[in-house]
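The structure under discussion appears below in the form of structure tokens.
Chain A is the first sequence line, chain B the second, and so forth, proteins listed ahead of strands; every chain is numbered from 1. The model shown is predicted, which means the values in this text are computed figures rather than measured ones.
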Amino acid sequence: MTQAVRIKDLGRHEGQVVAVRGWVTHVRSKGKIAFVVLRDGSGIVQTVASLQDVGDETLARMDAATQESSAVVTGTVRADRRAPGGYELQLKSFEVTGDSPDYPIAPKEHGVEYLLDHRHLWLRHRGPWAILRVRDEVEKAIRDFMYDREFVLIDSPILTPAACEGTSTLFETDYFDEKAYLSQSGQLYLEPACMAFDKVYCFGPTFRAEKSKTRRHLTEFWMIEPEMAWATLDDAMALAEEMVSYIVARVLDRRAEELKVLERDTSKLESVVPPFPRLSYDEAAAILTRPENVKRAEEAGAPPFVPGSDLGAMDETILGEPFDRPVMIHRYPVEVKAFYMQPDPERPDRALCVDVIAPEGYGEIIGGSQRIHDPELLQARIAEHGLPESAFRWYLDARRYGTVPHAGFGMGIERVVGWITGTRHLRETIPYPRTIQRLYP
RNA sequence: UCCGGGGUAGCUCAGCCGGUAGAGCAGCUGGCUGUUAACCAGCGGGUCGGGGGUUCGAGUCCCUCCCCCGGAGCCA
């Protein structure tokens, strides 16, 4: 039986007769000679057969093969300058395993909605294929990074009894005789866990019922959330810049081929090394209120920056623009941030928190903070925010029994993949996107 | 929720001042021994998003509803 070879390895079998199992991406039939372009999970190769090689029956089968039929072929590996990829397969046999009548995605332009309706098939095509391989590399890099630094993976629950940051953006579901909510963050479960293992992280899907209709939002997205005991805001910031730099270097090293397919300008990624520039909220506010920046936001139709309020999408773009790597903005006003953030002892109206903004207008990829470790202060904040104390009883225990300063952050995988691959729309950075308008396929 | 754009063939779109539906691709038939989104010839294919109105006549104008896209806010 002929040895089956994956397409990326064909170069190692020059002159040999091998089998390739894949899918037909294109047929160019020219009468007495036919070209069938075949794809497998590893790459693409052109196969060729003439009438005298295979006879009219096989040639007719090649001619009749439709896009995305699966096929097993055998042939001789040949280096050929005329073949895309440098190698081609001179066929001896061509057998269709499963035919593919009326394949919906033509080698032509399609609208986004149509492609997303056929996402399960669109995955076979070049763009999604390259992006999702980068995503795989990003996720593997994160796990390696965490493991090497002795962080313990703590899988946080998806079904939760109550809100982490308020119920308005939670998906609600029945849980026997009570209500449950899909998790929007694992953080509250990690804080107690970091007091068991010092350094922990969770990495899983999170759900937000925000009615956001932008290219930067999904209702289901994946987040990596490290949490460290005996840690301050500075420790969290140092970890964030180290992790982001590690991920980018890893993709540049191992997924160069995919970035090329995506026509990503990799020079913009090569400069992503520590240290990242740091701006306090007050410094950022000073930049945003400069006349030229006020004018820019106005011209773009963005709402004006109001000192004391949170940063908008345009504000993040303006702040990130001068830098060739992500910028870290820290110490926002306490009022615009979550209840659990530690106030800055030197300025209690500022929170010890940080947002990391990706360059090139890709926006916030990380949000983190030092957490309140004083039980009384935390209890007061829960009350101020109108949150039900009963739901946070277990959470407060982390402060009641041997509290320590601790800090962590959450990083959105899709936004990182979007930035690294140069993909504007987050929905293309996840295999099966969930948005406010889409629950199919 | 607000602001902007859109819905015409399987797909991507054109359709002027209102006059009765068009292209490319895909599909099908035939031709072609080195194609690169091959090419050439031919064929089939339409509830013009739904409803209502104006008009001799509506894809085109008006009202209304639905759906999609982009942006804002919120966030990762």
Side-chain angles (χ1 to χ4, degrees), chain A residues 25-37 44 46-54 59 62-64 66-67 78 80-85 88 90 100-118 125-126 164-166 168-169 184-187 205-225 240 297 300-304 306 309-316 336-338 355-358 362-368 409-419 424-427 429-430 435-438:
Chain A
T25 66
H26 221 87
V27 177
R28 286 185 289 271
S29 168
K30 227 184 151 318
K32 297 193 175 67
I33 186 168
F35 303 87
V36 171
V37 181
I44 288 180
Q46 171 169 286
T47 70
V48 58
S50 63
L51 184 63
Q52 62 197 44
D53 298 331
V54 296
L59 201 67
M62 292 174 69
D63 182 39
T66 52
Q67 194 188 354
R78 267 201 356 222
D80 192 318
R81 219 180 317 116
R82 292 168 297 186
E88 69 176 19
Q90 184 79 40
S100 173
D102 304 320
Y103 184 72
I105 304 178
K108 261 297 181 189
E109 280 173 36
H110 294 282
V112 193
E113 191 198 348
Y114 182 82
L115 288 170
L116 286 172
D117 280 341
H118 298 86
H125 297 249
R126 268 162 69 86
C164 293
E165 301 175 22
S168 61
T169 61
Q184 59 176 355
S185 162
Q187 181 198 321
T206 51
F207 308 87
R208 298 197 185 170
E210 290 158 5
K211 295 197 171 165
S212 305
K213 274 174 69 174
T214 81
R215 59 172 185 246
R216 291 191 308 279
H217 290 88
L218 299 169
T219 53
E220 177 179 312
F221 66 98
W222 286 64
M223 192 154 64
I224 158 89
E225 295 177 271
V306 181
S309 69
D310 211 346
L311 304 180
M314 188 64 202
D315 304 326
E316 291 179 352
V336 303
K337 287 294 177 181
D355 282 355
V356 181
I357 312 295
Y362 281 92
E364 184 183 341
I365 52 173
I366 286 178
F409 60 82
M411 183 177 85
I413 301 307
E414 288 76 16
R415 288 190 181 173
V416 171
V417 173
W419 162 48
R424 300 303 307 188
H425 296 81
L426 248 45
R427 61 190 172 205
T429 65
I430 187 166
T435 66
I436 183 169
Q437 303 285 10
R438 181 169 294 281

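Among the heavy atoms of the strands, none lies under 4.0 Å from H118(A). T206(A) comes within 4.0 angstrom of nothing in the nucleic acid, heavy atoms only. R424(A) comes within 4.0 angstrom of no nucleic acid atom, judged by non-hydrogen atoms across all strands. Within 4.0 Å of E88(A), counting heavy atoms only, lies at least one base atom of the nucleic acid. Using a 4.0 Å heavy-atom distance criterion, A313(A) is classed as a sugar-phosphate-only contact. Using a 4.0 Å heavy-atom distance criterion, G312(A) is classed as a sugar-phosphate-only contact. Residue contacts shown for L218(A) include a base, since a base heavy atom lies under 4.0 Å away.
Considering only residues two or more places apart in sequence or on other chains, R438(A) meets the side-chain hydrogen bond (donor to acceptor under 3.5 Å, both in side chains) condition with D117(A). By the side-chain hydrogen bond (donor to acceptor under 3.5 Å, both in side chains) test, T435(A) pairs with no residue at all, sequence neighbours left out.
Of the candidates G70(B), C11(B), C68(B), G70(B) carries the atom nearest the R427(A) side chain, counting heavy atoms from C-beta on. Checked against C68(B), C32(B), U35(B), the side chain of R28(A) finds its nearest nucleotide in U35(B).
Comparing the C1' positions of C17(B) and G51(B) gives an interatomic distance of 28 Å, to the nearest angstrom. Straight-line distance between the P atoms of C2(B) and A58(B): roughly 34 Å, to the nearest whole Å. Distance noted for atom C1' between G44(B) and U29(B): 11 Å (whole Å). Here, C16(B) and G22(B) have their P atoms 14 Å apart, quoted to the whole Å. Straight-line distance between the C1' atoms of U35(B) and A76(B): roughly 47 Å, to the nearest whole Å. Rounded to the nearest Å, the gap between the C1' atom of A9(B) and that of C28(B) is 16 Å.
Looking at heavy atoms from C-beta onward, L115(A) lies out of side-chain contact with H125(A) at the 4.5 angstrom threshold.
Summarising the geometry, the separation between NE2 on H217(A) and P on G73(B) is reported as 9 Å, rounded to the nearest angstrom. The distance from atom NZ of K32(A) to atom C1' of U35(B) is 16 Å, rounded to the nearest whole Å. Rounded to whole angstrom, the span from the CZ atom of R215(A) across to the C1' atom of C74(B) amounts to 16 Å. We find that CG of D53(A) is positioned 10 Å from C1' of U33(B), with the value rounded to whole Å.
In this structure, the aromatic ring of F221(A) is positioned over the six-membered ring of the base of A76(B), centres within 5.5 Å and planes within 30°.
Within the structure, every side-chain polar atom (N or O) of R216(A) is placed at least 4.0 Å from both OP1 and OP2 of A76(B).
With both pairing distances under 3.5 Å, C2(B) is matched to G71(B) as a Watson-Crick or G-U wobble pair.
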**OP:** Please assess R415(A) against F221(A) for the test side-chain contact (heavy atoms from CB on, under 4.5 Å), listing each intermediate value before the final yes or no.
**Re:** CA-CA 9 Å; R415(A) 288 190 181 173; F221(A) 66 98; over 6 Å; no
Please tabulate the protein-to-nucleotide N/O contacts below 3.5 Å involving nucleotides 23-28 of chain B, giving atom names and distances.
none

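Counting non-hydrogen atoms of neighbouring residues, nucleotides and ligands closer than 6.0 angstrom, the CZ atom of R78(A) exceeds 12 such neighbours.
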